[in-house]
Amino acid sequence: VLGTGGTTATFPILAVSDTFNRANANTLGTNWQQTSLFGIASIRVNSNQASCLASLCALGANAHWSANLSATQAAAFTFANTTLIGNALYLKGTTLTAGTYVNAIRVRYSGSQVVVETTHNAGISATLVQAFPARFVVGDRLTAMADASGNVYVWKTTAASVTTFLGQTSTSFIGTGRAGMRLMPGARVDDFRAGNTTAPVTSGEYNPAVFEVGPGKPYAPAETLPVTADHAIQRALDAAASYVSTSNANSNQGALVIV
């Protein structure tokens with residue numbers, strides 16, 4: 001496991017809760033809580049994946065695993081198509097209203113960051129807690145864990161089973177609740193995982209935020225000459241400097257540019 005957070009946290013080993021390997025259906029099934037109309041939900045099983053069909057999912061939709069989890073819990077899913085931006089995991093959902101939970105931690109992929117947020121109005125609005133630089137592609141897995149002290153930990157696992165700890169932050173969510181996911185229109189995910197886990201063991205070794213430079217990396221060089229020069233390394237250095245200047249936590253964590 002590669003560390004990129006201020007501490008390295010023990011990665012939670014979660015069994016797959018739902019592989020979605022079954023016949024196409026109008027919902028995700030009885031193990032899920034989701035809003036439906038005449039038996040039809042926005043997120044359903046399609047081609048052995050969870051799919052938020054664009055025609056029924058214009059604003060995105062939520063689905064929550066039916067089991068109430070302990071105060072230390074984790075969840076994960078694997079991105080299954082190129083509609084990645086906006087998809088999110090939910091942790092510690094409480095107070096069920098109209099098929100979703102009023103209070104929850106949301107861990108959302110923005111396209112260049114994993115954003116940890118909290119909501120107290122069923123996701124209508126959310127409060128930013130922390131954002132960690134990261135790039136995901138099809139086949140990558142997003143994992144998030146929240147412990148009994150309200151700390152949230154985030155990881156990325158590639159299709160090649162390389163796991164990177166993206167970082168940790170703190171919230172006020174210290175209790176139990178439901179895990180789930182939010183998918184955007186047209187999005188597909190696979191192998192949803194949710195379960196109880198133990199409080200992470202952390203170490204204070206040097207684990208900076210990583211800013212990668214190179215083809216296919218977040219800071220990829222572009223051929224812009226002779227009009228202008230695209231300084232990919234400088235852009236990464238600037239981003240790293242900005243990151244550590246944002247907060248004391250980021251400054252303590254540090255940043256590393258890898259070329």
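In this structure the side chain of L237 reaches within 4.5 angstrom of the side chain of Q234, judged on heavy atoms. The side-chain heavy atoms of L53 and R44, taken from C-beta on, include a pair separated by under 4.5 Å. At a threshold of 4.5 Å between non-hydrogen side-chain atoms, the residues T158 and V137 do not count as touching. Looking at V152 and V107, their side chains come closer than 4.5 Å, going by heavy atoms from C-beta outward. Taking the side chain as every heavy atom from C-beta outward, T35 and T100 never approach each other to under 4.5 Å. Considering only heavy atoms from C-beta on, F20 stays 4.5 Å or farther from N48 through its side chain. Residues T143 and P12 form a side-chain contact, since some pair of their non-hydrogen atoms from C-beta on lies under 4.5 Å apart.
Here the straight-line distance linking atom CG of N87 with atom CG of L183 works out to 5.0 Å at 0.5 Å rounding. Interatomic distance, Q49 CD to N21 CG, rounded to the nearest 0.5 Å: 9.0 Å. For the atom pair T171 OG1 and K92 NZ, the distance stands at 6.5 Å (nearest 0.5 Å). Here the CG atom belonging to L59 is positioned 9.5 Å from the SG atom belonging to C52, to the nearest 0.5 angstrom. Considering OG1 of T197 and CG of L14, their distance stands at 6.0 Å, rounded to 0.5 Å. Summarising the geometry, atom CZ belonging to F77 is positioned 11.5 Å from atom OH belonging to Y109; distances are rounded to the nearest 0.5 Å.
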- request: Please assess T78 against T157 for the test side-chain contact (heavy atoms from CB on, under 4.5 Å), listing each intermediate value before the final yes or no.
  value: CA-CA 9 Å; T78 300; T157 303; over 6 Å; no
L28 and V45: CA distance, side-chain angles, deciding distance, side-chain contact (heavy atoms from CB on, under 4.5 Å) verdict: CA-CA 5 Å; L28 292 178; V45 177; 4.1 Å; yes
- request: Would you check, one step at a time, whether the test side-chain contact (heavy atoms from CB on, under 4.5 Å) holds for F192 with W65?
  value: CA-CA 9 Å; F192 179 82; W65 192 241; 3.9 Å; yes
field: side-chain contact (heavy atoms from CB on, under 4.5 Å) between R108 and R182, worked out
entry: CA-CA 9 Å; R108 173 176 57 86; R182 178 171 181 80; over 6 Å; no
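Checked by atom type and distance alone, the side chain of Q130 never pairs as donor or acceptor with a backbone atom of Q168 at under 3.5 Å. Looking at S66, its side chain does come within 3.5 Å of a backbone N or O of N31 through a donor-acceptor pair. Although no hydrogens or angles enter the test, the distance criterion places a donor-acceptor pair under 3.5 Å between the side chain of S17 and the main chain of A194. With hydrogens and angles disregarded, a donor-acceptor distance shorter than 3.5 Å links the side chain of R188 to the backbone of N46. Judged purely by atom type and a 3.5 angstrom limit, N81 uses its side chain to pair as donor or acceptor with the backbone of G186. Remark: side-chain polar atoms of D191 are not paired, donor with acceptor, to backbone N or O of V16 under 3.5 angstrom. Using modelled atom types, no side-chain atom of R193 and backbone atom of A74 make a donor-acceptor pair closer than 3.5 Å.
Residues A134 and V114 share a closest heavy-atom pair of CB-CG2, 4.1 Å. The shortest heavy-atom contact between S47 and N24 is N-OD1, 2.8 Å. P185 approaches T83 most closely through the heavy-atom pair O-CG2, 3.5 Å. Nearest heavy-atom pair across Q34 and A41 is NE2-CB, 3.5 Å. Between I105 and A146, the shortest heavy-atom contact is CD1-CB, 3.9 Å. Taking each heavy atom of R235 and A220 in turn, the nearest pair found is NH2-O, 3.0 Å.
The local environment of CD1 in I174 is sparse, with at most 12 non-hydrogen atoms from other residues, nucleotides or ligands closer than 6.0 Å. In I233, the CD1 atom is not crowded: 12 or fewer heavy atoms of neighbouring residues, nucleotides or ligands sit closer than 6.0 Å.
For the pairing with E212, the salt bridge (Lys or Arg N to Asp or Glu O under 4.0 Å) check across R135, K217, K156 returns one residue only, K217. Of the candidates F132, F136, F11, F11 is the only one forming a ring pair (Phe, Tyr, Trp, His ring centres under 6.0 Å) with W155. For the side chain to side chain donor-acceptor pair (under 3.5 Å) test with N103, the passing option among T94, N121, T119, T118 is T94; the others fail.
V129 and Y90 fall into different hydrophobic clusters, where Ile, Leu, Val, Met, Phe, Trp and Tyr side chains are chained together by heavy-atom contacts under 4.5 Å. Using a 4.5 Å cut-off between side-chain heavy atoms of Ile, Leu, Val, Met, Phe, Trp and Tyr, with links allowed through other members, Y243 and V259 fall into the same hydrophobic cluster. Two different hydrophobic clusters hold L37 and I43 under the rule that ILVMFWY side chains link at heavy-atom gaps under 4.5 Å. One hydrophobic cluster holds both L89 and W32 under the rule that ILVMFWY side chains link at heavy-atom gaps under 4.5 Å. Hydrophobic clustering keeps V116 apart from M184 (ILVMFWY residues linked when any side-chain heavy atoms are closer than 4.5 Å, directly or through intermediates).
Remark: the S170 side chain and the N151 side chain contain an N/O donor-acceptor pair separated by less than 3.5 Å. Between the side chains of D147 and Y153, at least one donor-acceptor pair of N or O atoms lies under 3.5 Å.
Using a 30° and 60° split on the angle between ring planes, F211 and Y219 fall in the tilted class, from 30° to 60°.
For D190, there are no salt bridge (Lys or Arg N to Asp or Glu O under 4.0 Å) partners two or more places apart in sequence or in a different chain.
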